[in-house]
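Report on the structure given below.
For the single chain, residues carry numbers from 1 onward in sequence order.
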Amino acid sequence: KNLGYDPKADPFEQYHDAVAQAQAQNKLVLIIAGGDWCRWCYALNKFVTRNEDVEAALNDTFVVMKVYVGDENYNEFFFSQLPEARGAPYFWIVSPDRNVLSAQSTGAFEKGKSGYDKREFLEFIDHWKKQRRPS
């Protein structure tokens with residue numbers, strides 16, 4: 001199953017497009033580092049797509065941008081511009097004016113061996129929704 005992490009994509013182009021969309025829609029950019037090799041990336045994808053309220057809240061608050069990291073392409077130059085990731089999936093939250101507001105692993109939301117805690121995840125989204133500039 002394709003999770004949307006494309007090793008051939010240009011992350012700088014993706015970033016430029018995501019920032020432009022965030023500016024136009026008064027959203028934040030959520031950069032996610034991961035790949036099809038990553039078990040927790042599958043878990044995250046499954047969790048978001050199976051919980052419509054989570055998916056809606058995520059897309060209402062963020063322009064989600066997935067950047068491949070792994071054997072096929074480490075995208076070192078792109079990731080060197082961001083605070084260092086520890087593991088995958090890894091989140092960076094970026095304002096529409098390109099300030100990195102947060103860098104964090106998804107460990108805080110993990111529950112059990114392969115799931116995510118819905119309440120924790122929704123609280124995370126809600127926290128960032130409140131940080132956006134009022135439109």
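With rounding to the nearest 0.5 Å, the separation of CD in Q23 from CG in D97 is 8.0 Å. Between atom CZ of residue F62 and atom CD of residue Q25 there is a gap of 13.5 Å, rounded to the nearest 0.5 Å. Atom OG of residue S102 and atom CZ of residue F124 lie 6.5 Å apart, to the nearest 0.5 angstrom. How far CD of E123 is from NZ of K129: 14.5 Å, rounded to the nearest 0.5 Å. In this structure, CD1 in I32 is found 5.5 Å from CG in L44, a value given to the nearest 0.5 Å. Between I125 atom CD1 and N59 atom CG the span is 9.0 Å, to the nearest 0.5 Å.
At least one side-chain heavy atom of F91 sits under 4.5 Å from a side-chain heavy atom of Q104. Proximity of V100 to P83: side-chain heavy atoms (C-beta onward) are separated by under 4.5 Å at one or more points. Within the 4.5 Å cutoff, the side chain of T49 has heavy atoms near those of the E55 side chain. The shortest distance between side-chain heavy atoms of L58 and V64 falls below 4.5 Å. At least one side-chain heavy atom of I31 sits under 4.5 Å from a side-chain heavy atom of L82. Side-chain contact between V67 and Q14: present, with at least one pair of heavy atoms (C-beta onward) separated by less than 4.5 Å. Counting heavy atoms from C-beta on, the side chains of V29 and P96 never come closer than 4.5 Å. For the pair V94 and Y15, the minimum side-chain heavy-atom distance is below 4.5 Å.
Below 30°, between 30° and 60°, or above 60°: for F12 and F77 the angle between ring planes is between 30° and 60°, a tilted geometry.
Across all their heavy atoms, A88 and G34 have their closest contact at CB-CA, 4.1 Å. Smallest separation of non-hydrogen atoms from S105 and R86: CB-O, 4.0 Å. Counting all heavy atoms, side chain and backbone alike, N45 lies closest to K66 at OD1-NZ, 3.7 Å. Across all their heavy atoms, V54 and F121 have their closest contact at CG1-CD2, 3.7 Å. Of all heavy-atom pairs spanning K113 and R39, the tightest one is O-NH1, 2.6 Å. Summarising the geometry of W40 relative to P89, their closest heavy-atom pair is CB-CD, 3.5 Å, with the distance given to 0.1 Å.
Tracing side-chain contacts under 4.5 Å through hydrophobic residues (I, L, V, M, F, W, Y), one never reaches L101 starting from V63; they form parts of separate clusters. A continuous path of hydrophobic side-chain contacts links V69 to L3 [ILVMFWY only; heavy atoms under 4.5 Å].
For NE2 of H16, the number of neighbouring non-hydrogen atoms (other residues, nucleotides, ligands) closer than 6.0 Å is 12 at most.
Judged by distance alone, the side chain of D6 and the main-chain N or O of K8 form a donor-acceptor pair under 3.5 Å. Formation of a donor-acceptor pair under 3.5 Å by the E120 side chain with backbone atoms of Y116 is not found in this model.
No close placement of the F47 and F109 rings is indicated, their centers lying 6.0 Å or farther apart. Checked against the 6.0 Å centroid criterion, the rings of W37 and Y42 do not qualify as a close aromatic pair.
Residues in residues 67-77 take part in these side-chain hydrogen bond (donor to acceptor under 3.5 Å, both in side chains) pairs, two or more places apart or across chains: D71-Y74, N73-N75.
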Show the numbers, then the answer: is there a side-chain contact (heavy atoms from CB on, under 4.5 Å) between T106 and Y90? CA-CA 6 Å; T106 58; Y90 197 85; over 6 Å; no
F79 and W92: CA distance, side-chain angles, deciding distance, ring pair (Phe, Tyr, Trp, His ring centres under 6.0 Å) verdict: CA-CA 10 Å; F79 288 119; W92 292 269; 5.5 Å; yes
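Scored by the salt bridge (charged side-chain N to carboxylate O under 4.0 Å, His left out) test, D53 finds K118 as partners (sequence neighbours excluded).
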